[in-house]
Amino acid sequence: MSFPLLTATAALPAIGAIATAAVPAARRTAAKWLALLVSLATLALAIAVLVRFDPDGARYQLTESHAWIADFGVRYELGVDGIGVALLALTALLIPFIILAGWHDADPLETGSKRWRPTQGFFALILAVEAMVIISFEATDVFLFYIFFEAMLIPMYFLIGGFGDRAHAGSDEKAAAQRSYAAVKFLLYNLVGGLIMLAAVIGLYVVAGNFSLQAIAEARANGSLDMATNTERWLFLGFFFAFAVKAPLWPLHTWLPNAMGEATAPVAVLITAVVDKVGTFAMLRFCLQLFPEASKWATPAILVLAVISIIYGALLAVGQRDIKRLVAYASISHFGFIIMGIFAMTSQGQSGATLYMVNHGISTAALMLVAGFLISRRGSRLIADYGGVQKVAPVLAGTFLIGGLATLSLPGLAPFVSEFLVLVGTFARYPAIGIIATFGIVLAALYTLVLYQRTMTGPVKPEVSAMPDLRARELLVVAPLVVLLIFLGVYPKPVTDIVNPAVKSTMSDVHKKDPKPEVEAAK
């Protein structure tokens, strides 16, 4: 029997979470190092998955299948395609940086308060989220996917509500109430989406008789499973609603600015760069594959919502006074691009959307983590409290600028390639939607450059005059992300080679071909 590599990749951080939580309270540093080592070992397993994955091989590889709840047709089935492999690798890559960036975020308070910030719990929760996200990218049983899609809400709830950033540290009751509100809002929004999806999952079982993604998709393809049109549409809407909340898509997005604003910067990265990707990934894997006709039926409405997300998120980012909320609204805009690329129903759009998920995760991590280092020094999230930082902390300012330029998709940095592919793929089939979406690029340049100008340039404010530059640990976090942004901006082929075959399979699922370019015949 071959080694269950996919199970090991998800099980290792789960076991690491339990071990980290069990470290004695007085051994905080040991708990940190244990969590970091577990995340690095998980990254090594993810690299092994990448190495063993053959882009030209079967659609789902490294598969595992075992009976689980036989009476209800539930199986423990895992398998990865190119899209799942790319996002699994992204998750495993980012978690060590998240742990390093949050090295002191859960240390005991030093303000004389008797409250204790449980260091072990903080890092254990991060590893628990990693385990659940990874198995979500691997699951090919719909019920198995649903369990972990919902379960990851619990550790995220405690990470948001229990650990605020240093700007809100201490016994400030108002800050604690804001964190609690953000955590509850996050949980309620996603639970409602999950309950609606649960009804759709049950409905799918009633219609198909099992939960196997591959079995249901094959039955749909060969005609042995014929869903009524209205049934398929209702099931699609149940799945899509839950994924749109997680993504987040306008108007189901309002939980994200609160959650990212009140969480620590590493947890904010965990939300938008890792957890939210499960929503857009699931649109590709489940909505399009299980409900191809309903996906095409809903496409016009979804594209309109995606364009609203792009413009709305960018406009609100322009008007933000809070650094972290600005990044949150920028992410809403970026997720609009991802969803637009998925439902453009072109190979360029879907390849760009998948590449965008990877690149957005890296660029948002770079920008938000540097912003977190900045906020921890000044003790404020307000843009107006900064000025002239580049004169006293040039390395911090420089990495902040690169993260910002990646956010606005500057050519030469990774997000540009993915955004360009999404726009090209959308314009090929829906030119009006593509044209409107390009205004999001203009607004991105506005909010990014204004943020940099107001925080990093101009006269040095007295409060930042003694601000230290990035330390060795912080450079170790940021430098690899900057290198990846540049490398994938110049040479995205390693990722596109992995995802393109999976995109072709998805296009085949929905019976779509790329539109032929309209070229006038030569006279």
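Below, all heavy atoms of this structure are taken into account, side chains as well, without hydrogens, waters or symmetry copies. Positions are given from 1 along the sequence. The shown structure was predicted, so the numbers you read here are calculated from the model rather than taken from an experiment.
A pairwise comparison of heavy atoms in M227 and L235 identifies SD-CD1, 4.1 Å as the closest pair. Of all heavy-atom pairs between F3 and R52, the closest is O-NH1, 4.4 Å. Scanning all heavy atoms of the two residues, the minimum distance from A182 to N258 falls at CB-O, 3.4 Å. The shortest heavy-atom contact between A35 and F123 is CB-CB, 3.7 Å. Closest approach of T20 and A31 over heavy atoms only: CG2-O, 3.7 Å. Residues V499 and G82 share a closest heavy-atom pair of CG1-O, 3.9 Å.
Between L252 and F243, the closest side-chain pair of non-hydrogen atoms is not below 4.5 Å. Residues L249 and F335 are not in side-chain contact: their nearest non-hydrogen atoms beyond the backbone lie 4.5 Å or more apart. Within the 4.5 Å cutoff, the side chain of L369 has no heavy atoms near those of the E474 side chain. Side-chain contact between T7 and I135 is absent, with no heavy-atom pair separated by less than 4.5 Å. In this structure, F97 and P266 have side chains that are not in contact, with every pair of non-hydrogen atoms separated by 4.5 Å or more. Between I95 and L270 there is a side-chain heavy-atom pair separated by less than 4.5 Å. In this structure, the side chains of T496 and S351 stay at 4.5 Å or more apart for every pair of heavy atoms. When side chains are defined from C-beta on, R285 does not count as touching I83, because their heavy atoms never get closer than 4.5 Å.
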Side chain to side chain contact (heavy atoms under 4.5 Å, CB included) between L78 and L144, intermediate numbers included: CA-CA 9 Å; L78 304 181; L144 178 66; 3.8 Å; yes

Apply side chain to side chain contact (heavy atoms under 4.5 Å, CB included) to residues S363 and L485 and explain how you reach the verdict. CA-CA 7 Å; S363 63; L485 286 174; 3.8 Å; yes

Using the side chain to side chain contact (heavy atoms under 4.5 Å, CB included) rule, take V201 and F143 through it: C-alpha gap first, then chi angles, then the decisive distance, then the call. CA-CA 7 Å; V201 169; F143 192 79; 4.3 Å; yes

CA sep, side-chain torsions, deciding dist, call: T346, R429, side chain to side chain donor-acceptor pair (under 3.5 Å): CA-CA 8 Å; T346 61; R429 199 180 292 279; 5.9 Å; no

After noting the C-alpha distance and the side-chain angles of L423 and F337, does the key distance pass the side chain to side chain contact (heavy atoms under 4.5 Å, CB included) rule? CA-CA 8 Å; L423 289 171; F337 277 107; 3.9 Å; yes

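Annotation: the span from T63 atom OG1 to E77 atom CD amounts to 8.5 Å, rounded to 0.5 Å. Here H334 contributes atom NE2 and I310 contributes atom CD1; the two are 9.5 Å apart, rounded to the nearest 0.5 Å. If you take CG on N359 and OG on S418, they are separated by 4.0 Å, rounding to the nearest 0.5 Å. The distance from the CE atom of M152 to the CG atom of N190 is 9.5 Å, given to the nearest 0.5 Å. Distance OH/Y189 to CG/L153: 14.5 Å, rounded to 0.5 Å. Atom NZ of K296 is separated from atom CE of M345 by 8.0 Å, given to the nearest 0.5 angstrom.
Using modelled atom types and a 3.5 Å distance limit, the side chains of Q214 and Y60 yield no donor-acceptor pair.
Around CZ of F158, the count of heavy atoms belonging to other residues, nucleotides or ligands within 6.0 Å does not exceed 12.
When ring centroids are compared, F343 and F240 come within the 6.0 Å threshold. For F186 and W255, the ring centers are positioned less than 6.0 Å apart. Taking the ring centroids of F281 and F137, they lie under the 6.0 Å cut-off.
A cation-pi arrangement is found for K246 relative to F149, the charged atom lying closer than 6.0 Å to the ring centre and inside a 45° cone about the ring normal.
A donor-acceptor contact shorter than 3.5 Å is absent between the side chain of E138 and the backbone of G79.
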